[in-house]
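Accompanying notes for the structure given below.
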There are 2 protein chains.
Amino acid sequence: MVGIDEVARRAGVSTATVSRALSGRGHVAAATRERVEAAASELGYVVSASASSLATGRTRNIGVVVPFLNRWFYTSVIEGAQRRLMQYGYDLTLYNLSGVSNERGTVFEHFLLRQRVDAVIAVSLELSPDEVHSLHALGKPLVGVGGPIPGVPTLSIDDLAVSRLATEHLLSLGHTVIAHIGGDVDAEMSFHMPTNRRLGWEAALRDAGIDPRPDLYYPAVFTMESGYLAAKRMLGDPRLRPTAVVVASDEMAIGAILAARDMGLEVPRDISVVGIDDHELAPFFGLTTVAQFPEGQGEGAVELLMHELDQARGDDEATNVPLPFELVVRSSSARPRADRD
Amino acid sequence: MVGIDEVARRAGVSTATVSRALSGRGHVAAATRERVEAAASELGYVVSASASSLATGRTRNIGVVVPFLNRWFYTSVIEGAQRRLMQYGYDLTLYNLSGVSNERGTVFEHFLLRQRVDAVIAVSLELSPDEVHSLHALGKPLVGVGGPIPGVPTLSIDDLAVSRLATEHLLSLGHTVIAHIGGDVDAEMSFHMPTNRRLGWEAALRDAGIDPRPDLYYPAVFTMESGYLAAKRMLGDPRLRPTAVVVASDEMAIGAILAARDMGLEVPRDISVVGIDDHELAPFFGLTTVAQFPEGQGEGAVELLMHELDQARGDDEATNVPLPFELVVRSSSARPRADRD
DNA sequence: CGCCGGCGTGCAAACGCTTGCGCTGCGGTG
DNA sequence: CACCGCAGCGCAAGCGTTTGCACGCCGGCG
């Protein structure tokens, strides 16, 4: 392994100059820099990450913690974060909390808290004040994605506004009996996200002068199957059947569409369905949905982190950056049938 | 940040002894060890990863390279690898090649090859001899998952045997007109995997004395939509319609099931469908499939790596470890209708 | 013309651990 | 009883960078 002193010798300078030339810190004459760069590339020199970390105290490595991996949202966030991190020359170390259920503490104590990462991105994770505190104490910046963490800068969409938008879309089409399939308070997804999406639905209805009927709320967990089952319940009695439904996630919404089909109903003729996410399968199912952009969220988180790393903990404003979302109309939503009601 | 010398002072020993006591290397009296451990935990001491790496030359960090993230197979492999790595006290650094398409070299030069990881797991990746060589030159163990890499120990299922099994299942049910929806040679999935699955289908048919008809092979890429479209083509003409189909992945198979439904056909009455993977959605769709166990593959890769790391490049046997697979019969396969043909 | 500031570079001290070597004892063997 | 071997521990030399400080030099300003 070729080290910095070989480069120094070859370029006829000291190791200090090599370091400065290569890192861009400090003043180095242009000519010298070129000579150093040439020597380095000829020798195939690359700085030793560990030596550099030891000297600077920074690892150029950031930890991303997720509760699951096998979900479109998380992988998308990671993908975005990874791409941006790579541009900055950072590595992404992945911590997946699923599968270590009882060992959540391990992740924090034995990995995160050790000097293996410079900062942490927590995706859809509810961190305990203790956990937040210990990270802060170590001077490790921390940003959350997908849900507010008290005292921590966070990127997330306004769930309430999102499902309000979905509902308003249906209202604008002329629907008045609009159901909601949505989040049971799921231990894993936590974050009031499900609750907020339900509240958005209620708020939109109220604003339209419609009283949200509790019997039109169908709780479900965030899987296709659970959405399917909820939709079956919802569509069972033709007299009580709503003309449209706002579903808290695309995966559940797809389940709902499949349920409708299985019952001989047609989407959107018999029931309009709108989801939330813009999941990769949404186009295939023609699902109208409110898109959020998880990759962008991952990128944004990195951006925020880099900023914080630069200014050495200048400000700790735990701002909650609101994220863009967008209604994507496809074929699963339409005006209610004229011949009904 | 509390360092090793503080611990040493508190335990009344030298730093050398602390190091040995905590790492388990070398001889340390039981009593001393306990004292050191107590001191360490009281002080909340954790070794500095970079210092340790610098001294030992090992980072306790392994790189996992994937071509995509947004696919069930990759995330599952990663999940398995991550879990096992954590048990060994290793971190997982993720490199996602999608999104850096033209920058693939960057990943290798600027990250992998630098001393940031001790070893590499390449998932479903076709590495160039150059890439393999440079890793080898650095003494970095490398194992592949999901496809053979020349000169590299690899874990993968026997694709040919797997699709043969799927086909034999259908044959045993009495089907004789069995189609195949499968892999176009997709630039991204590479690896002959698609080809082998087609060959397995052909082989099984031949063994049963049936000549595989080229017109019963429907190429598709590995997405639900592509499977859907292929199935539509396949099922279009009632006269030519097969009674069963072996699909090269569950996602495509689900697409095929949806296509059948859309055409008013019933699965398995009108067409039996069997997939490959045992995707998380397979149970929901009642899909008969040949399960592979990607999480286990991830774990196995780690196991292999740890072994190689231990014995400091003792043997370079580029063995290709065959992996288990298993037929999972659900409701998408049945005997062909008696009243046909 | 003298001084000052800053550019360009080198020296050497960290950074926090690991580990080879060497020094004690102590128990077991011949 | 002498000696050998080894468990148990400490000393100190690395591991390969970064960076504060020092120094020389040059140009500009008063």
Side-chain angles (χ1 to χ4, degrees), chain A residues 1-37 39-40 43-61 89 110 113-118 138-139 309 312, chain B residues 1-37 39-40 43-61 89 110 113-118 138-139 309 312:
Chain A
M1 208 69 246
V2 20
I4 199 176
D5 28 13
E6 273 186 65
V7 179
R9 206 175 312 132
R10 181 166 191 134
V13 295
S14 71
T15 64
T17 300
V18 172
S19 175
R20 284 192 269 257
L22 261 30
S23 69
R25 267 179 296 265
H27 309 277
V28 177
T32 312
R33 158 163 309 147
E34 279 171 26
R35 213 150 18 95
V36 170
E37 276 166 359
L43 293 171
Y45 167 76
V46 323
V47 307
S48 154
S50 18
S52 175
S53 296
L54 182 57
T56 61
R58 327 192 64 186
T59 63
R60 296 193 79 74
N61 205 303
H110 286 272
L113 296 189
R114 320 220 156 201
Q115 29 302 58
R116 307 181 77 105
V117 297
D118 290 341
L138 289 172
L309 282 173
Chain B
M1 208 70 245
V2 22
I4 198 176
D5 27 14
E6 273 185 66
V7 179
R9 208 174 312 133
R10 181 167 190 133
V13 295
S14 72
T15 65
T17 301
V18 172
S19 176
R20 284 191 268 256
L22 262 29
S23 70
R25 269 180 294 265
H27 308 278
V28 177
T32 312
R33 159 162 308 147
E34 281 171 25
R35 210 146 24 93
V36 170
E37 278 165 358
L43 293 171
Y45 168 77
V46 324
V47 306
S48 153
S50 20
S52 174
S53 296
L54 182 57
T56 60
R58 326 193 65 187
T59 64
R60 296 192 81 73
N61 206 302
H110 286 273
L113 296 189
R114 320 216 155 202
Q115 22 312 51
R116 306 181 77 104
V117 297
D118 291 340
L138 289 173
L309 282 173

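For the numbers below, each heavy atom of this structure counts, side chains included, while hydrogens, waters and symmetry mates do not. Sequence lines set the chain letters: A, B, ... in the order given, protein chains first and strands last, and positions in each chain run from 1.
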For Ala8(B), all residues meeting side chain to side chain contact (heavy atoms under 4.5 Å, CB included), sequence neighbours excluded: Thr15(B), Val18(B)
Using atom [atom1] of [X] as one end and atom [atom2] of [N] as the other, report the distance to the nearest whole Å.
X        : N       : atom1 : atom2 : result
Arg58(B) : dC15(D) : CZ    : P     : 18 Å
Leu54(A) : dG14(D) : CG    : C1'   : 12 Å
Arg25(A) : dG20(D) : CZ    : C1'   : 14 Å
His27(B) : dG10(D) : NE2   : C1'   : 15 Å

Between Arg10(A) and Val7(A), is the side chain to side chain contact (heavy atoms under 4.5 Å, CB included) condition met? List the steps. CA-CA 5 Å; Arg10(A) 181 166 191 134; Val7(A) 179; 5.8 Å; no
Contact span of DNA chain C against chain B, any nucleotide atom under 4.0 Å from a heavy atom, 5' to 3', runs dG16(C) to dG20(C)
Determine: side-chain N/O of Ser48(A) to OP1/OP2 of dG16(D), distance under 4.0 Å, yes or no. no
Where the side chain of [X] meets the backbone of [Y], is there a donor-acceptor pair that is under 3.5 Å apart?
X         : Y         : value
Asp118(A) : Arg58(A)  : no
Arg20(B)  : Arg25(B)  : no
Asn61(B)  : Val117(B) : no

Residue-level proximity of residues 15-23 of chain A to DNA chain C when a heavy atom falls under 4.0 Å: Ala16(A), Thr17(A), Arg20(A)
Residue whose closest nucleotide on DNA chain D lies nearer the 5' end, Ile4(A) versus Ser14(B):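 Closer to the 5' end of DNA chain D: Ser14(B).
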Check [X] against [Y] and note the closest heavy-atom contact, atom names and distance.
X        : Y         : value
Val2(B)  : Tyr45(B)  : O-CD1, 3.4 Å
Thr59(A) : Arg116(B) : O-NH2, 3.4 Å
Ser53(B) : Ser50(A)  : CB-CB, 3.4 Å

How is Thr32(B) classified with respect to the nucleic acid when contacts are heavy atoms under 4.0 Å: base, sugar-phosphate, or nothing? sugar-phosphate
